[in-house]
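Shown next, in structure tokens, is the structure this report addresses.
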Amino acid sequence: MNQFYQKDIISIKDFEKNSLETIFSATDKIMQLDPSDRREICKGKTLGYLFYEPSTRTRLSFDAAMASVGGNSLGISNMSSSSTQKGESLADTVRVMSIYSDVLVLRHTLDGSSRFAAEVSEKPVINAGSGTEEHPTQAIQDLFTIKKEKRKIDGLKIGIVGDLKYGRTVYSLLYGLGNYDVDVHLISPESLKIRSDSVYEIKKRLDFAESTDITETIDEFDVLYVTRIQKERFPDEEEYLKVKGSYVVGLDLIKQMKDDAIILHPLPRIDEISADVDKTKNAKYFEQAEYGKYTRAAILGLILNENGF
Ligand code: CP
């Protein structure tokens, strides 16, 4: 039986290197398969999604991924049109959705929401973003992108810049990178450093350096992972205005980077990467979004097939 069969995906902390590599191999297989063979993998299966927060890529890539492996999707992406408005609890909504589907994808504002959902769901739950805590399938897609674009993960110097306090993709990426031999440098305004309550958990897995000035180290990175300042998570707008626009990766900064460095971003982007960077050979964030469809198709195929595919 494959190790992912009927398993929840709640935290990237639950993944060891061999589990990640299994998903990467399955993703390579998905990418190589003839579309008609691919459509056999989850034929007749249904993905149910519940998005309590906005999403473009995660929801649509799950939807596209499920269609590519022959399944179908149903769900709620605008909770204002659901019975949540009448006061229905997360537990009941999840329980009902798990009756209508074979696997459930949940995005919710609260840390711990996916772990809670997994306890009440009759079907496996995939965390598509839980508060500021984690976004594990984004990390799988990010690691896969690094592996495809740099041909390896071990031995790389990786800079992560932006909102490291509220950006959940950063936490999942750091936990995932803990399985590899990488040199990690974190760059953020003082007020947006990694949350102190997570530093111990991250340092169990990897060491990292921290600074505030991106120009000091930009020439050293093989991978620059840029993140958006998460305006919606600031309790006080004044605090957001103090850090808004702290980092803008433009052509001037690209010139200082290694020639073969790659720039990633989980997206959406606001102003932290200028649009003129998109046409450079270093920009890989749209490829990263595309890999998201394939990694999610692989994850669905593994969760829904006892013997893999
Ligand atoms: N990267 C990501 O989670 O994007 P969405 O918020 O659009 O799903």
Side-chain angles (χ1 to χ4, degrees), residues 9-12 23 27 47-68 73-80 103-111 113-114 117 125-146 148-149 158 160-177 192 223-234 240 247 249 262-273 275 277-278 283-300:
I9 295 192
I10 306 300
S11 167
I12 205 78
I23 294 179
T27 305
L47 178 152
Y49 57 82
L50 294 170
F51 277 70
Y52 286 77
E53 282 185 350
S55 170
T56 296
R57 274 145 297 275
T58 311
R59 191 182 70 73
L60 293 177
S61 63
F62 266 114
D63 210 343
M66 195 52 162
S68 76
S73 309
L74 56 86
I76 308 170
S77 55
N78 177 0
M79 298 312 288
S80 65
V103 58
L104 214 104
V105 173
L106 174 69
R107 172 170 289 189
H108 197 277
T109 47
L110 294 178
D111 293 12
S113 47
S114 282
V125 171
I126 302 175
N127 180 0
S130 47
T132 58
E133 177 191 43
E134 273 218 56
H135 191 348
T137 62
Q138 178 72 45
I140 291 167
Q141 149 187 4
D142 297 342
L143 294 168
F144 184 77
T145 305
I146 295 171
K148 293 308 268 188
E149 298 296 333
I158 299 173
I160 305 179
V161 61
D163 183 350
L164 311 183
K165 180 176 183 182
Y166 296 118
R168 59 191 169 205
T169 69
V170 171
Y171 291 83
S172 289
L173 179 59
L174 287 170
Y175 298 137
L177 284 172
L192 295 182
V223 178
L224 180 66
Y225 189 93
V226 185
T227 65
R228 173 179 69 93
I229 301 202
Q230 312 255 311
K231 180 181 181 189
E232 70 277 18
R233 305 220 186 265
F234 281 68
Y240 167 70
Y247 305 100
V249 176
I262 60 168
I263 301 166
L264 303 184
H265 191 310
L267 303 177
R269 148 182 65 177
I270 308 302
D271 54 7
E272 56 281 358
I273 301 178
V277 171
D278 298 358
K284 296 292 176 191
Y285 26 93
F286 290 109
E287 285 85 344
Q288 182 183 2
E290 184 176 2
Y291 289 132
K293 173 182 154 182
Y294 298 121
T295 48
R296 290 182 173 110
I299 289 166
L300 293 169

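Whatever order the structure lists ligands and atoms in, that order sets their numbers, starting from 1. Side chains included, hydrogens not; waters and symmetry mates left out as well; all remaining heavy atoms used. Along the sequence shown, residues carry numbers from 1.
- Between L267 and ligand 1, an N or O atom pair is found at a separation short of 3.5 Å.
- Checking only distances, S55 does come within under 3.5 Å of ligand 1, N or O to N or O.
- Between the side chains of E134 and S11, at least one donor N or O lies within less than 3.5 Å of an accepting N or O.
- Those atoms of ligand 1 that come under 4.0 Å of a heavy atom in T58, given as number and element, are 2 (C), 3 (O), 4 (O), 5 (P), 8 (O).
- To the nearest 0.5 angstrom, D111 atom CG is 4.0 Å from T132 atom OG1.
- No hydrogens or angles considered: nothing links the side chains of Y52 and S113 as a donor-acceptor pair under 3.5 Å.
- Ring orientation note: the planes of H265 and Y285 are nearly perpendicular, at an angle over 60° on the 30°/60° scale.
- If you check each of R107, R57, E53 against atom 6 (O) of ligand 1, the one with the closest non-hydrogen atom is R107.
- Relative to the ring axis of F51, R107 does not place its NZ or CZ within 45° and under 6.0 Å from the centre.
- Of all atoms in ligand 1, listed by their number and element, those nearer than 4.0 Å to a heavy atom of T56 are 5 (P), 7 (O), 8 (O).
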